[in-house]
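Residue numbering restarts at 1 for every chain, and letters A, B, ... go by the order of the sequence lines. Side-chain atoms are counted along with the backbone in the values below, which use heavy atoms only and exclude waters and symmetry mates.
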2 protein chains.
Amino acid sequence: MATLLPDSPAAMTAGTAAPALETLIAKGKPRYRTATEFVEATLRDGILSGQIPGGTPLRQEDLAHQFGVSRMPVREALRQLEAQALIDFAPHKGAVVTTISAADAADLFAVRLALEPAALRLSLPHLTPEDLLRAADSIADMDGERDLNRMGDLNRQFHMTLYFRANSPRLLALVEQHMAVFDRYLRFELAALGWDHLKQDDHRALLDACHDKDIPRAETILTDHLRYADQALRTFFAKRDGQIP
Amino acid sequence: MATLLPDSPAAMTAGTAAPALETLIAKGKPRYRTATEFVEATLRDGILSGQIPGGTPLRQEDLAHQFGVSRMPVREALRQLEAQALIDFAPHKGAVVTTISAADAADLFAVRLALEPAALRLSLPHLTPEDLLRAADSIADMDGERDLNRMGDLNRQFHMTLYFRANSPRLLALVEQHMAVFDRYLRFELAALGWDHLKQDDHRALLDACHDKDIPRAETILTDHLRYADQALRTFFAKRDGQIP
DNA sequence: TATTGTTCAATTGGATCCAATTGAACACTT
DNA sequence: AAGTGTTCAATTGGATCCAATTGAACAATA
C-alpha cells in the first residue's frame, strides 16, 4: 500500500523522512465507534506529533484508501480538524495541514498565557491531597522519560491535574486543546532548552505553591514558566531563521 | 414545507413560539460557495440567536429537506458545529443543540475573563486614532439600537475593534467565537440589567482608557465590566431558578 | 407482575456514483 | 513573444443507495 506524504513540499523542505500512515494506524486502537472518529483521531495525532508536517496536502482519496474506508468519513474528519485550526480547507481545493512558525508559536503562547493561569486560579482552591500526589507522580515520571511524545503527554497530564478542579468545562477544553497543539513545537523547545533541565524545577516549585494554596505565587510561577519557554523558543527561531539567508 | 422545531422539548418548556427555518434561510444571503457553508452558517446563526433553542434535536433528513440539499452537506455542517461545542453529537443517536444554563454562563464568563483582557493588553499599544473613532461609532450606534441581535453584533464589533491589533489570530478567533456564543445569553442579560444602561458607561470609560493608552486602567474597566455582567446574570438565574420549585 | 428477550421502524453511518470546480498545459490571436 | 482564451485531467462537492445501530414496543418466561 502506498505511503502517505512521500513527496509533500513540507516534508521535502524539512528534509525529514516521510513516515507511513500505517504506523499511526497500527498504534493503540481504542476501538473507535465510527470510522470518522478513527480517521479524525489518527490524523490529529499525526499532525500534533509532527509525523504529518505542516504544508502537507491531505488528498481525500488517498486518505480513504490508506484508512481502508470511503471518502465520506474522511471528509467529516477533515471538517472537524478544520474547526480545530489544524488544517486549512478551501472549497474545491482541498485540505492542507496548517504550517507552524515562530509567529504561530508566539500566538499560541499568548493563548496559553491567557488560559492557563485563569484555570489554575479557579482550580487551586479545590485541589485535594490526592490531586497533588498525582501531580507529583507525573513529575517523577517525566524525570526518566526520553520519548518526546510521551514527554508531551506527561507534561500535559501534570498541568491538567492542577487545572482539573476549575469546574469550567469550556475553559479546560480550551486549555487541553492548546496544550496539545503546542506539542507541535515540543521538538523545538527541546532543541532550545535541552533535555534535562526541561522545566522540572518550575514544576516542583509550582506544585509546592499549590500545596500551600498560594494562588498569587502559583500564578507567578506558572506565568514565568510559560514566558520562559516562550522566550527560549523566540530566540531559537530567531537564530535558526537568521541562518537561512 | 414543514417548519423546523415545531415540537422540540426545549421550545415547549421555554414556551416560545416555534420559529420556521425559512426565515433564517431567507435572511441575508452572502452567496455561499458550498452547501455545507450555507447549512453551517445558517444553523450557527439560528443557535446563537436563540431561534433554535438548546435541547432541539437536529434530524439530518429534516434539515436536508428544509435546506433543499442532501444529507451529506448537513452532516459535514453538523461536524463543524460539534467542534464548536454548539451541538452534542453521539454516534448513531444524532445531534442535539447544547443547552444553556447558569453553570454554562459562568463557564463562558470564565473564558471571556481569561481571553479578553489578554487580547486588550496586546492590542492597546497598537490602536490607531482611526480604530478609536470606529469604536466610538459603535458605541453611538448602540445607543439607538433596540434589536437584540443587532445589539449583540454592535457590542461584539466594539470590543473586537479594541482587540483587533493584538496580532494574535488564535487569540482573536477564540475571543470572537466566545463573544458570539455569549449571544445566546444576551436576552437573559437584558432581562437582568434592562435596556438602557446596558453598560454604555463602561464602554465609554473603556474607550477613554484606550485613548490614554492606559493599559492597567483599561484592563480593570474591562474586567469589572465582565464581572458585573457575570454577577448580574448569576443573580438573575438564581432568582429565576429559585422560583421553579 | 416484574423481568428478560425479541422484533422492527426510525435514524444514522458508510459506500458508490455523478456533477461541478480548479488549474495547468496547450493553442490561438495580436 | 506576450498575453489571452480553451480544453481536459485531477480533485472535490453533492446525491442516492445500502448497511448498521438504536431504542421502544411487544411478547415470553419465571
Notebook entry, point to check: Any idea which heavy atoms bring A/L171 and A/A118 closest together, and the distance?
Noted result: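 Scanning both residues completely, I find the closest heavy atoms to be CD2-C, 4.3 Å.
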Presence of salt bridge, [Y] and [X], under 4.0 angstrom:
X      : Y      : value
B/R75  : A/E76  : yes
A/D141 : A/R150 : no
A/D230 : A/R112 : no
B/R44  : B/E40  : yes

Starting at atom [atom1] of [X], determine the distance to atom [atom2] of [N], rounded to an integer number of angstrom.
X     : N      : atom1 : atom2 : result
A/H65 : C/dA15 : NE2   : P     : 13 Å
B/R79 : C/dG14 : CZ    : C1'   : 12 Å
B/E37 : C/dT21 : CD    : C1'   : 14 Å
A/Q80 : C/dG13 : CD    : P     : 11 Å
A/M72 : C/dT16 : CE    : C1'   : 9 Å
A/E76 : C/dA15 : CD    : P     : 11 Å

Notebook entry, point to check: Could you run down nucleotides 5-12 of chain D 5' to 3' and tag each one B, S or - for protein heavy-atom contact under 4.0 Å?
Noted result: ------SB
Checklist line | Distance below 4.0 Å between A/T36 side-chain N/O and C/dG14 OP1 or OP2 | finding: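 Indeed, a polar side-chain atom of A/T36 lies that close.
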Checklist line | Polar side chain donor-acceptor pair, A/T98 to A/R184, under 3.5 angstrom | finding: yes
